[in-house]
Amino acid sequence: AELKDLEGLTPPKLPDIVAARKKPVLHQIQSELMSAIWQEEFNFQVTEEEVEQRPQLLFDRYQWKEDIRIDAVAEAQFMDRSAAQKAWDEKMRLRGKITDKDREWQRKKEDEKRQKALRHLHTYAKSLTGSDGMHHPIIKVKSEMPPEELQPKEEKISKKQQEILD
């Protein structure tokens, strides 16, 4: 009461009342269930307006393609070409044409490399304590081999062995 009587002291004016906001307007919701829930529960309006889609910065900057999935297994199994393979490719590119003799030589070198890798794997498995003879040798079979070669061959029994068995 005493403060009101002081001269030059007036209370500040109250701010204007803020107008109530409009109900939000959403763009088309893809799910029928969710659109029904939103409309029933929250009374939102859905518009059919097209919204311009701005390209994402990373896709533009690095020229990435959208909607492409990466196979994680294939990515983990991918192995860069060795220096020798790169040198071979460069040599063949400079020559211009690749003959059957060149292809045969390259295939032979790849087979030698595969054989060395299998031999290394076999010696490593043998070196593990107590594991020698517990697993059949690991043999990599090419899909090019005819099925007859893949079948185990029957052992031939001589007449004497057959007589002993009978």
Side-chain angles (χ1 to χ4, degrees), residues 21-158 161 165:
R21 294 183 184 183
K22 296 179 182 176
K23 291 183 179 178
V25 177
L26 298 178
H27 294 284
Q28 180 61 40
I29 298 173
Q30 299 297 326
S31 170
E32 293 177 12
L33 173 67
M34 289 306 295
S35 61
I37 291 173
W38 282 98
Q39 287 177 358
E40 287 176 12
E41 293 293 322
F42 304 109
N43 199 17
F44 285 124
Q45 295 176 354
V46 179
T47 64
E48 298 293 329
E49 294 178 15
E50 288 293 320
V51 178
E52 71 174 78
Q53 294 192 358
R54 293 177 288 161
Q56 295 181 5
L57 183 61
L58 291 176
F59 287 104
D60 287 343
R61 183 183 299 165
Y62 299 109
Q63 288 82 35
W64 288 349
K65 296 178 182 175
E66 294 186 48
D67 301 325
I68 293 180
R69 297 189 182 274
I70 297 174
D71 185 9
V73 174
E75 186 73 21
Q77 290 177 346
F78 176 74
M79 193 166 75
D80 290 332
R81 297 181 65 79
S82 68
Q85 290 170 332
K86 288 178 184 176
W88 172 262
D89 292 343
E90 183 65 22
K91 179 181 176 184
M92 291 297 115
R93 189 183 63 77
L94 293 174
R95 272 179 73 185
K97 75 173 192 176
I98 301 173
T99 63
D100 288 339
K101 187 177 179 181
D102 295 331
R103 286 189 192 98
E104 181 65 27
W105 186 85
Q106 185 180 17
R107 188 187 62 75
K108 184 177 124 188
K109 289 298 178 186
E110 287 175 359
D111 286 345
E112 287 175 6
K113 183 179 175 184
R114 185 179 303 114
Q115 186 65 32
K116 285 180 183 178
L118 288 173
R119 190 177 302 127
H120 171 73
L121 183 64
H122 176 70
T123 54
Y124 174 71
K126 247 183 150 176
S127 72
L128 296 174
T129 307
S131 66
D132 188 25
M134 294 190 68
H135 192 281
H136 296 293
I138 299 170
I139 299 172
K140 189 166 187 174
V141 179
K142 289 186 178 180
S143 60
E144 302 166 1
M145 295 176 90
E148 300 87 41
E149 292 180 18
L150 298 176
Q151 299 298 328
K153 296 180 181 178
E154 294 182 18
E155 294 183 24
K156 294 182 180 179
I157 301 175
S158 66
Q161 289 176 335
L165 290 175

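Just so it is clear, the values below take in all heavy atoms, side chains as well, and ignore hydrogens, waters and symmetry mates.
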Item to check | Salt-bridge contact Glu110-Arg107 (side-chain N to carboxylate O under 4.0 Å) | outcome: no
Checklist entry - Can you find a pair of side-chain heavy atoms, one from Gln106 and one from Ile98, that are under 4.5 Å apart? => result no
Next on the checklist: Show every salt bridge (Lys or Arg N to Asp or Glu O under 4.0 Å) that has at least one partner inside residues 82-91, sequence neighbours left out.
Outcome noted: Arg81-Asp89, Glu90-Arg93
Next on the checklist: The criterion is salt bridge (charged side-chain N to carboxylate O under 4.0 Å, His left out); which residues satisfy it with Asp100, sequence neighbours excluded?
Outcome noted: Arg103
Go through the structure and list residues passing side chain to side chain contact (heavy atoms under 4.5 Å, CB included) with [X], not counting sequence neighbours.
| X | answer |
| --- | --- |
| Gln63 | none |
| Arg21 | none |
| Gln161 | Ile157, Ser158 |

Checklist entry - For Asp80, what residues pass the side-chain hydrogen bond (donor to acceptor under 3.5 Å, both in side chains) criterion, not counting sequence neighbours? => result none
Checklist outcome for this item: For Thr123, the side-chain hydrogen bond (donor to acceptor under 3.5 Å, both in side chains) test, sequence neighbours excluded, returns none
Next on the checklist: To the closest 0.5 Å, what do you measure between CD (Glu104) and NZ (Lys101)?
Outcome noted: 11.0 Å
Checklist outcome for this item: The reported gap from CD in Gln85 to NZ in Lys113 (rounded to nearest 0.5 angstrom) is 4.5 Å
Next on the checklist: Going by ring-ring contact (aromatic ring centres under 6.0 Å, His included), name the pairs with one or both residues in residues 73-103, residues two or more places apart or in two chains.
Outcome noted: Trp88-Trp105
